[in-house]
Amino acid sequence: MIREAFGLTVPRFMSQVRVRFAPSPTGSTHIGTARTALFNWLYARKTGGKLVLRIEDTDKERNTDAALQELLNGLKWLGLNWDEGPEVGGEVGPYFQSQRGDIYQEYLQKLKDAGRAYEKDGAIFFKLEGERYTEYDDYHKADVEKVKTQPVVIEDIIRGNVTRREERDFVIVRSNGDPSFHFVNVVDDITMGITHVLRGEDHLPNTSKHVELFKAFGVKPPVYAHMAMILKDPKVGKGKMSKRDKGALIEEYQNRDFLPEAVVNFIALLGWSPKDDQEVLSIDELIERFDLKDLQKAGARFDEKKMSHINFEHMKRLPADKYLPPAISALSKAGLVDDSTDQDYLKRVLELCQQKIDSFEALPSFSAYFFSDDYTVDPKTEKKLLKRADAAERIQEAIPALEGLETFDAASIETAIQALADEKELKIFAWFPLLRFAVSGVGGGPDLLPMLETLGRDRVVSRLKKLAASLNA
RNA sequence: GCCCCGUUCGUCUAGCCAGGCCUAGGACACAAGGUUUUCAUCCUUGCGACAGGGGUUCGAAUCCCCUACGGGGUGCCA
């Protein structure tokens, strides 16, 4: 498993794909971070490779244990498990950068021995190879030392070969003794046997630094895949999505009871697409179709309406055992149901709502009137319906028709109203919207007939009477 | 400023690598109708794009160049 390379210990793995997700746990998890994790995970699962989770916690100030837990929770919630890393271990650990100091020292020494590192201003710089010269730099507004280096070619699955030239020495160990990101990133990728680096496009300009470092260590660089950024909704602003933007944090979807598989599905669709027009995909279907080569090169804009739609599609497909528990918990959180609620009734109501709501979040307001007589009345619907001159009359007529029903089910209700319509030479439509409004206070909802059946005769009749009374008053 | 990456309907995208099958396909959103019956569901239809300009070619969304625009980077942040 271990071979000697450049006099250093480097693991050797078969020709298996090894990818890594290397977040810095600084609090909430950004949707872009989640997408990077997802694509790494998908690639590992697709190829039968391994996903390494490496924690970049070198910044002691910002990286708290709580933040780490939050990150791991987010990944678990999304269903993105890792093969090596925190909690599961692995043979190329430790998986926290804060614990890899000895390894970094070993590699730093090698660079020094090779004459590729030098100290300046208390920091240690990586020394580029090539002729040196001084030039005024407009960005820094100063003369800076540059190096005429040979260009490096970055092998990128998404973008093809990208050629770039690094022309300034860069810091690998800061004056406070901490190794820098570029340095630890490369050392870790070498020592962990990473074969493919899948990360955000914002790292593309850094990659020439990384390739220089790989070359200095005498190690072949991994294959890269730089994926495009997730951009802000243009209505909100410009640039990449920031953690302050609406919908940017996966915790938000967790808190709002979105389905993790829907979030995964939606995130996957940002910059990637299956070729066959089927967009609503399960995790397994995602793995089956996923291919790094199909990633979009341009940035994708986040669209919360589409996110809701994908969630809705997944909601509709949920089997009862997956749908009922979170649905009930959403209702009980809203104080609409408790242990004394009739379980059979609750189940029937929930089934009625499943095909209509796009999130568990929407459920309480959508179904409140099933559980309480104290529900809100939509003033717009009220105005629209009750301004009809015959409203009171129609409701009055409906009361005895429904009250006297032998069995109170959808078919009987329909027959009764139809009879009424025939008798008055009116359309059934003269009653339906009024009935819905009378029992629910709103203009929309589940299919009317089964809804009335589920509510039951007592609730329906008493609500009709109540409305009739208020209209007469 | 310099470097790198990009640019197909309002949005996500298919098509581009291997030029003709593209009067450019799908989805979200929006609009209009329909479902003798509401509706946030469902169905139908509509709206709607190859950034611009030059080439190459019998033929270009597809290949090349330029411009414009967008994104990223240019840190002893990651």
Side-chain angles (χ1 to χ4, degrees), chain A residues 22-24 26 56-59 62-63 97 120-125 135-141 154 156 158-160 162-168 170-182 184-185 199-209 226 228-229 231 233-235 238-240 266 269-280 293-294 296-310 312-313 316 353-358 362 366 381 385 414 417-418 421 427-437 440 442-449 451:
Chain A
S24 178
T26 53
E56 308 218 333
D57 59 347
T58 47
D59 187 336
R62 290 195 294 168
N63 296 285
Q97 287 185 335
K120 190 180 125 192
D121 302 332
I124 298 172
F125 282 72
E135 189 180 70
Y136 178 75
D137 186 278
D138 202 44
Y139 184 74
H140 293 94
K141 305 289 181 209
I154 299 160
D156 190 297
I158 298 170
R159 282 152 218 283
V162 177
T163 305
R164 240 185 83 89
R165 218 167 56 80
E166 211 52 52
E167 54 181 18
R168 296 188 65 202
F170 53 92
V171 170
I172 50 177
V173 180
R174 291 184 266 177
S175 51
N176 69 1
D178 288 343
S180 76
F181 161 74
H182 299 113
V184 296
N185 200 268
R199 62 190 2 174
E201 193 188 5
D202 47 344
H203 286 291
L204 188 51
N206 293 151
T207 307
S208 40
K209 290 189 181 72
H226 286 97
M229 309 270 81
L231 273 16
D233 183 320
K235 289 191 280 285
K238 299 168 73 166
K240 58 178 175 180
F266 173 73
L269 254 21
L270 245 29
W272 172 82
S273 93
K275 301 296 176 196
D276 58 5
D277 289 343
Q278 192 193 328
E279 290 192 321
V280 182
K293 285 195 279 294
D294 297 333
Q296 190 79 5
K297 295 191 196 75
R301 239 140 294 225
F302 174 82
D303 179 6
E304 59 167 320
K305 290 229 176 83
K306 186 129 186 182
M307 168 78 253
S308 291
H309 175 257
I310 297 286
F312 175 46
E313 293 296 333
K316 282 198 289 191
C353 297
Q354 186 176 7
Q355 300 305 312
K356 299 278 182 172
I357 50 159
D358 64 6
F366 189 80
T381 308
L385 291 175
E414 186 176 20
I417 300 297
Q418 186 62 58
K427 290 200 167 185
I428 205 165
F429 183 74
W431 283 271
F432 272 62
L434 281 171
L435 289 175
R436 172 182 295 282
F437 174 73
S440 71
V442 287
D447 293 336
L448 179 65
L449 270 0
M451 165 186 159

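Note that this is a predicted model, so its numbers are computed, not measured. Protein chains get the first letters and strands the later ones, always in sequence-line order, with residue 1 at the start of each. Computed from heavy atoms alone, side chains included, the values below leave out hydrogens, waters and symmetry copies.
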Counter-base of B/A61, judged by Watson-Crick or G-U geometry with both distances under 3.5 Å: none
Minimum-distance nucleotide (side-chain atoms of A/Pro205 versus B/G71, B/G72, B/A40): B/G72
Residue A/Arg164, side-chain atoms from C-beta onward, closest of B/C76, B/G25, B/C4: B/C4
Between B/C17 and B/C39 - P atom distance, rounded Å: 49 Å
Proximity to the side chain of A/Phe366 - top-ranked nucleotide from B/A78, B/U36, B/A40: B/A40
Distance-only donor-acceptor test (3.5 Å): side chain A/Lys306, base B/A29: no
Distance between P atoms of B/A24 and B/U36 (Å, rounded): 35 Å
Phosphate-side-chain proximity, A/Arg301 and B/A29, N/O vs OP1/OP2 below 4.0 Å: no
Minimum-distance nucleotide to A/His309 side chain [options: B/C28, B/C76, B/C4]: B/C28
Under 4.0 angstrom between A/Lys316 side-chain N/O and B/U41 OP1 or OP2: no
B/A14 phosphate, OP1 or OP2, under 4.0 Å from A/Gln296 side-chain N/O: yes
For A/Thr207, the option from A/Arg199, A/Glu166, A/Arg164 that meets side chain to side chain contact (heavy atoms under 4.5 Å, CB included): A/Arg199
Selection from B/C28, B/A14, B/A40 that lies nearest to any side-chain heavy atom of A/Lys305: B/C28
Nucleotide nearest A/Glu56 (side chain, heavy atoms from C-beta), chosen from B/A78, B/A40, B/U74: B/A78
Side-chain donor/acceptor contact of A/Asp202 with base of B/A78 under 3.5 Å: no
A/Lys297 atom NZ, over 12 foreign heavy atoms within 6.0 Å: no
Residue A/His203, side-chain heavy atoms: nucleotide from B/C5, B/G25, B/A78 that is nearest: B/A78
Residue A/Glu201, side-chain atoms from C-beta onward, closest of B/C5, B/U13, B/G73: B/C5
Among B/U13, B/A27, B/A78, the one nearest A/Glu279 by side-chain distance: B/A27
